[in-house]
S.K.: 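The structure is given below, and queries will be raised subsequently.
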Number of protein chains: 2
Amino acid sequence: MNLTEGKEKFLQSWGALGSSWGVNRTMAQIHALLMISPHALSADDVMEELKISRGNANMNIRALIDWGLVFKELRAGERKEFFVAEKDMWKVVKNIIIQRKKRELEPMIKVLDELSSVEGDDAETEEFVKTIKDIKLFSSKADSTLDTLIKADSNWFVGTFMKMIK
Amino acid sequence: MNLTEGKEKFLQSWGALGSSWGVNRTMAQIHALLMISPHALSADDVMEELKISRGNANMNIRALIDWGLVFKELRAGERKEFFVAEKDMWKVVKNIIIQRKKRELEPMIKVLDELSSVEGDDAETEEFVKTIKDIKLFSSKADSTLDTLIKADSNWFVGTFMKMIK
DNA sequence: TTGTACTTTCAGGAAGTTTTGAAAAAATCG
DNA sequence: CGATTTTTTCAAAACTTCCTGAAAGTACAA
């Protein structure tokens with residue numbers, strides 16, 4: 001396989017993977033493109049490589065910056081902005097965990113908290129509250145585990161899990 | 001808050017959470033409904049509670065059974081089928097990990113393998129292959145870690161992570 | 001200040017996904 | 001075996017999400 005085919009395949013696969021993770025296809029592809037690029041790319045480069053519009057490129061690059069997965073690179077004497085991807089996979093995953101935890105897990109825990117206070121003494125209410133509390137317990141544990149994971153550095157992570165696996 | 005409001009809120013929140021996880025809203029809501037129900041429900045019950053069509057209910061229940069998150073319950077003397085959800089959160093998460101690993105991580109590792117064999121000696125190709133190999137290394141580690149997690153039981157999981165957190 | 005190079009915004013259209021509902025198939029019963 | 005109940009299928013409709021491209025906005029240099 002040559003480089004052009006390889007790049008193409010990687011962009012397609014990474015984009016498809018993104019779709020099943022609540023990330024839109026284009027955003028995942030831009031990230032992929034920047035990851036395999038040896039140097040920073042401008043918005044125009046991204047538009048051309050992925051055959052997408054300026055608006056689309058701009059919005060998704062912005063979103064990637066929000067997630068901490070892509071950075072601006074300003075060059076002296078160049079008005080144009082260039083972009084580079086975070087390439088350390090551990091940092092990529094860590095940022096995704098941080099963002100999704102904040103956007104999804106934490107609000108859910110808050111809702112579960114409110115729901116634990118549902119009143120009533122019939123079987124259905126009891127079952128409901130019991131189930132909610134179970135889910136909340138599990139979610140809170142997951143939450144602290146993720147906090148620990150976030151604080152830990154890559155080597156620690158790999159080391160610990162390698163021991164677990166062996 | 002009373003039971004009806006609580007149920008409604010839980011169904012909404014769980015459904016919304018599903019959307020950001022590549023699970024469709026209705027599938028997540030059916031799962032939520034069955035989790036908080038003290039007894040098995042029929043397709044008609046699900047249709048009525050969630051105000052959805054027969055076809056929609058049937059397709060999503062089917063998908064949930066595929067994922068191992070819902071089971072059929074047959075009753076002697078009843079022609080109708082009833083459904084119950086897996087309520088042990090650890091098992092729920094474990095099943096989701098198993099399915100997504102199979103559907104997403106494993107195919108991606110296969111693609112990355114193919115991409116490691118891209119040929120060429122310019123800087124761009126080298127960078128490409130290097131990045132792919134990094135991603136593959138990380139993915140393979142994640143893969144084995146998940147295998148370990150799947151084999152482990154709930155207590156072990158909680159125990160180990162609780163130690164990590166302390 | 002004005003011209004230029006670039007970035008951001010957003011309404012409307014395109015593409016993709018989910019839902020419906022009716023018809024077909026399957027299962028069960030007398 | 002019908003008759004009846006329940007489940008499954010699937011084309012079309014409804015809905016949602018994403019993308020385009022043109023216009024507006026911003027920053028900078030001269």
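Being a predicted model, the structure only gives us computed values, none of them experimental.
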S.K.: Ignoring hydrogens and geometry beyond distance, is a side-chain donor-acceptor pair present between B:T131 and B:D134 at under 3.5 Å?
M.R.: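 B:T131 vs B:D134: no donor-acceptor pair found between side chains.
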S.K.: Round to a whole Å and report the spacing from CG of A:D44 to P of C:dT8.
M.R.: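 Nearest whole value for this atom pair: 12 Å.
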S.K.: With a sphere of 6.0 Å drawn around CD of B:E48, does it hold more than 12 non-hydrogen atoms of other residues, nucleotides or ligands?
M.R.: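 No, because the 6.0 Å sphere around CD of B:E48 holds 12 heavy atoms or fewer from other groups.
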S.K.: Would you mind classifying the nucleic acid contact of A:R54 as base, sugar-phosphate or nothing, using non-hydrogen atoms under 4.0 angstrom?
M.R.: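 Base contact - A:R54 has a heavy atom under 4.0 Å of at least one base atom.
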S.K.: Could you check how far CG of A:L74 sits from P of C:dC6, rounded to whole Å?
M.R.: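 The distance from CG of A:L74 to P of C:dC6 comes to 13 Å, rounded to the nearest Å.
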S.K.: How close or far is atom C1' of D:dC19 from atom CG of A:N60, stated in whole angstroms?
M.R.: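 Rounded to whole Å, this separation is 9 Å.
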S.K.: On a heavy-atom basis, which atom in A:A43 and which in A:F83 lie closest, and how many Å separate them?
M.R.: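 Result for this residue pair: N-CE1, 4.0 Å.
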S.K.: Verify salt bridge (Lys or Arg N to Asp or Glu O under 4.0 Å) between A:K87 and B:E127, making sure each step is shown before the conclusion.
M.R.: CA-CA 11 Å; A:K87 294 194 183 189; B:E127 177 82 12; 2.7 Å; yes
S.K.: Please give, in whole Å, the distance from D:dC28 P to A:K80 NZ?
M.R.: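 In whole Å, D:dC28 P lies 16 Å from A:K80 NZ.
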S.K.: Choose from D:dC10, C:dC10, C:dT7 the nucleotide whose nearest atom is closest to any side-chain atom of B:M59.
M.R.: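 Of all the options, the side chain of B:M59 is nearest to D:dC10.
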S.K.: Looking across every strand, which nucleic acid part, if any, lies under 4.0 Å from A:T26 by heavy atom: base, sugar-phosphate, or nothing?
M.R.: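 Touches sugar-phosphate only.
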S.K.: Which one, C:dT18, C:dT8, C:dA5, comes nearest to the side chain of A:R79?
M.R.: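 So the side chain of A:R79 is nearest to C:dA5.
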S.K.: Taking CG from A:N56 and C1' from C:dA11, how many angstroms apart are they, rounded to a whole number?
M.R.: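 Whole-Å distance recorded here is 15 Å.
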S.K.: Starting at atom CD of A:E81, determine the distance to atom C1' of D:dG25, rounded to an integer number of angstrom.
M.R.: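 A:E81 atom CD is separated from D:dG25 atom C1' by 14 Å.
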S.K.: Rounded to the nearest angstrom, tell me the gap between atom CZ in B:R62 and atom C1' in C:dT19.
M.R.: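 Answer to the nearest Å: 18 Å.
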S.K.: Round to the nearest Å and state the distance from B:N58 atom CG to D:dT5 atom P.
M.R.: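 For the pair B:N58 CG and D:dT5 P, the rounded distance is 19 Å.
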